[in-house]
Amino acid sequence: IQMIDKSYFIASENNVIRKLIVYPARGAVADRTGKILVQNTPVYDLMAIPREVKAFDTAQLCALINTPKADFIKSYRDGRKKSPYKAFIVEKQLSVETYARLQEILYQFKGFYVQNRTVRNYPRPIAAQLLGYVGEVNDRIIDHSNGFYRQGDYIGMSGIEGSYENILRGQRGVRMVLYDVHNTEKGSYEGGRYDTLAVGGDKMISSISADLQEYGEKLMKNKLGSIVVIEPKTGEILALISSPSYDPNLLVGRDRGKNFSKLYTDPYLPLYMRPLQAYYPPGSAIKPVQALIGQQEGLIQPSTVFPGGIGYYAGRHLVKNFHKLPALDMRGALQWSSNSYFCSVFNKVITDGPYHNVPQNFTLWRNFMTKFGFGNLLGIDVPNEKHGRLPNLALYDKMHGKGHWNANSIISLAIGQGELDVTPLQMANEMAAIANKGFYFTPHSIISIGKNKFIRPEFKVMHSLGIDTSYFNAVHDGMQLVVEEGTAIRSRIPGIHICAKTGTAQNPHGEDHSVFVAFAPRENPKIAISVIV
């Protein structure tokens, strides 16, 4: 009979030997100083093999595991339908205390046993969107995993947990365990000869500073927006703040589903990763880039002066100056954020650039913008980064007609408005590149993996802006004046030379956005930052 129908053999084997999966602990994540951000805590899944289950007191078992009887019955019936011989999860993630109570009388419930595993725990409730969360695999994930994942497994769904899943998850093991007729474990089968060890996931060191991240989140409480902080000389992310945020411990344990639903339907979108996904017009934060492009193409010098006054006339359209000052040079224009100056610079690039037509000069300008990282994925090691919006020739040919537009038609780009949208990460990266006087490294959040302290090689590649180093000095001068005497004077810190730019970005959905970008200190910069509220 066993040769014809294997079910008898399987049922017989399960009465004596059970193959138990040994789930590895996921790799821990620490901040740059070694403070633990993510660790593991033990939980227990209540399993059942339908063929072995005998009549039992359902009410007693539900009371022991603190589960509504109706939910338990539904879970048990759904699992039993799949196979009478295959073990399935009846109740997930029982606590240590619940497991201790259950273990004492589990022998009374034939066919039930406990499978231990670990879940994530966050000692400091910070950096929720950056760290990400772990969730149960669905059918689509199982189908695309080439047999690795099975029903009831967990996987990193977002953030670092998602992008480094293959490293953090470890490798499952197997234990062959003998049980007697009283459902009591009697030890390993054949002394563990057929067991395989579980291998825990690698520990990772994050680039973020837990203290800085916590401070930034405190500053952004009750605000919508983000803060991105980068170390210019390495591209390491020191803080990545999306506000509002949430306590990452909410997405762990038996209340995870209920908590996730609340967060998902929250109108302020706490699950949304604003630093990487939200699009904003950069406003005046883009003006240092315009000054650099103009110099690189030999169209302006730091001493070049353009009229100020009430603003810049693009045909009949007036781009107003907030500070109605007289003619300014580059340093003064940055200090007081002169719209008329940067409209004039943009006009020269598009009209008087090295080529003899507007489309080619516009393409030149656009290529410089892409070298700064605008309109592109920067390649950060966190999933779901967005490109932003950087307009191209096709868009303006469609909007205005081919050959029927010029610099004044698209003058809003000069002051970071119009068809240009960027992410907060791109603005912080712009500051890192300007701080470095012409290059940046790919922003990244993990700086060391495992015992060998592996670092992904792509994070060591220098990306050049194609702008001569000498052209940055005057831009740094003007940005330093922004803080010392200009629009960001309230941001001064005694003894530290800060280079910054303030901005007000028009918002079609409501009040204007406030933008602040900076790097510091000017000499040997340690920090580049973008803030948007």
Side-chain angles (χ1 to χ4, degrees), residues 281-358 360-362 364-366 368-369 372 374 391 405-420 430 434 465 467-468 470-489 499-506 515 517:
S284 296
I286 210 72
K287 289 175 179 176
V289 178
Q290 310 288 23
L292 291 166
I293 296 172
Q295 289 182 92
Q296 181 64 30
E297 290 307 309
L299 299 169
I300 60 170
Q301 298 176 352
S303 59
T304 301
V305 172
F306 289 109
I310 62 171
Y312 175 92
Y313 276 99
R316 295 181 180 178
H317 173 64
L318 174 63
V319 182
K320 294 181 180 179
N321 283 328
F322 186 79
H323 301 281
K324 296 175 177 60
L325 300 171
L328 296 168
D329 63 9
M330 183 186 298
R331 293 176 176 86
L334 285 166
Q335 177 183 356
W336 297 109
S337 200
S338 170
N339 284 340
S340 59
Y341 182 94
F342 291 100
C343 287
S344 298
V345 172
F346 183 76
N347 188 15
K348 285 191 73 67
V349 172
I350 303 302
T351 306
D352 303 327
Y355 303 105
H356 299 296
N357 62 73
V358 166
Q360 283 185 288
N361 286 331
F362 171 78
L364 172 77
W365 174 87
R366 189 181 189 279
F368 274 116
M369 294 290 284
F372 273 89
F374 300 119
W405 57 275
N406 57 28
N408 284 340
S409 308
I410 57 173
I411 200 66
S412 294
L413 296 179
I415 56 171
Q417 299 283 173
E419 295 73 37
L420 176 64
E430 172 203 344
I434 292 175
L465 303 179
I467 294 175
D468 191 272
S470 62
Y471 296 136
F472 288 85
N473 293 329
V475 171
H476 287 194
D477 288 344
M479 294 178 68
Q480 185 174 338
L481 287 170
V482 168
V483 177
E484 293 183 355
E485 301 175 16
T487 58
I489 195 167
C499 296
K501 192 73 195 72
T502 57
T504 301
Q506 292 177 7
V515 179
V517 293

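Numbering of residues begins at 1 and proceeds along the displayed sequence. The structure displayed is predicted, hence computed values, not measured ones.
Checking side-chain atoms of Asn321 against main-chain N and O of Asn339 turns up a donor-acceptor pair under 3.5 Å. In this structure, the side chain of Gln290 engages the main chain of Leu413 through a donor-acceptor pair within 3.5 Å. The backbone N or O of Ile350 lies less than 3.5 Å from a partner atom in the side chain of Asn361, making a donor-acceptor pair.
Taking every heavy atom of both residues into account, Pro288 and Ile434 meet most closely at CB-CD1, 3.8 Å. Closest approach of Glu297 and Pro354 over heavy atoms only: OE1-CG, 3.4 Å. Taking each heavy atom of Gly308 and Ser340 in turn, the nearest pair found is CA-OG, 3.5 Å. Closest approach of Thr351 to Ala407, counting heavy atoms only: OG1-CB, 3.8 Å. Across every non-hydrogen atom of Ile286 and Gly416, the tightest pair is CG2-N, 3.4 Å. Closest approach of Arg331 to Pro302, counting heavy atoms only: NH1-CB, 3.5 Å.
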Would you sort out whether Trp365 and Phe346 count as a ring-ring contact (aromatic ring centres under 6.0 Å, His included), showing the intermediate values? CA-CA 9 Å; Trp365 174 87; Phe346 183 76; 5.4 Å; yes

Determine whether Ile415 and Lys287 satisfy the following criterion, side chain to side chain contact (heavy atoms under 4.5 Å, CB included), listing intermediate values before the conclusion. CA-CA 6 Å; Ile415 56 171; Lys287 289 175 179 176; 3.8 Å; yes

Between Thr487 and Phe322, does a side chain to side chain contact (heavy atoms under 4.5 Å, CB included) hold up when you go through it step by step? CA-CA 11 Å; Thr487 58; Phe322 186 79; over 6 Å; no

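In this structure, the separation between OG1 on Thr502 and CE on Met479 is 10.0 Å, given to the nearest 0.5 Å. Residue Tyr471 holds its OH atom at 15.0 Å from NE2 of His476, rounded to the nearest 0.5 Å. The CZ atom of Phe306 sits 9.0 Å away from atom CE of Met330, with the distance rounded to the nearest 0.5 Å. For the atom pair CZ of Arg316 and CG of Asn408, the computed distance is 13.5 Å after rounding to the nearest 0.5 Å. Here the straight-line distance linking atom CZ of Phe342 with atom OH of Tyr312 works out to 14.0 Å at 0.5 Å rounding. If you take CZ on Phe472 and CD on Gln296, they are separated by 8.5 Å, rounding to the nearest 0.5 Å.
Within the 4.5 Å cutoff, side-chain heavy atoms of Leu420 are placed close to those of Pro282. Residues Val349 and Leu299 form a side-chain contact, since some pair of their non-hydrogen atoms from C-beta on lies under 4.5 Å apart. Ile467 is listed as a side-chain neighbour of Phe368, based on a closest heavy-atom distance under 4.5 Å. Within the 4.5 Å cutoff, no side-chain heavy atoms of Asp477 are placed close to those of Gln335.
In the displayed structure, Gln360 atom CD is contacted under 6.0 Å by more than 12 heavy atoms of other residues, nucleotides or ligands. Within a 6.0 Å sphere centred on NZ of Lys324, other residues, nucleotides and ligands contribute more than 12 heavy atoms.
Between Phe372 and Phe374, the ring-plane angle classifies as parallel under the 30° and 60° cut-offs.
Side chain to side chain, Ser284 and Ser337 meet the donor-acceptor criterion of an N or O pair below 3.5 Å. Counting only N and O atoms by type, the side chains of Asn406 and Ser409 include a donor and acceptor under 3.5 Å apart.
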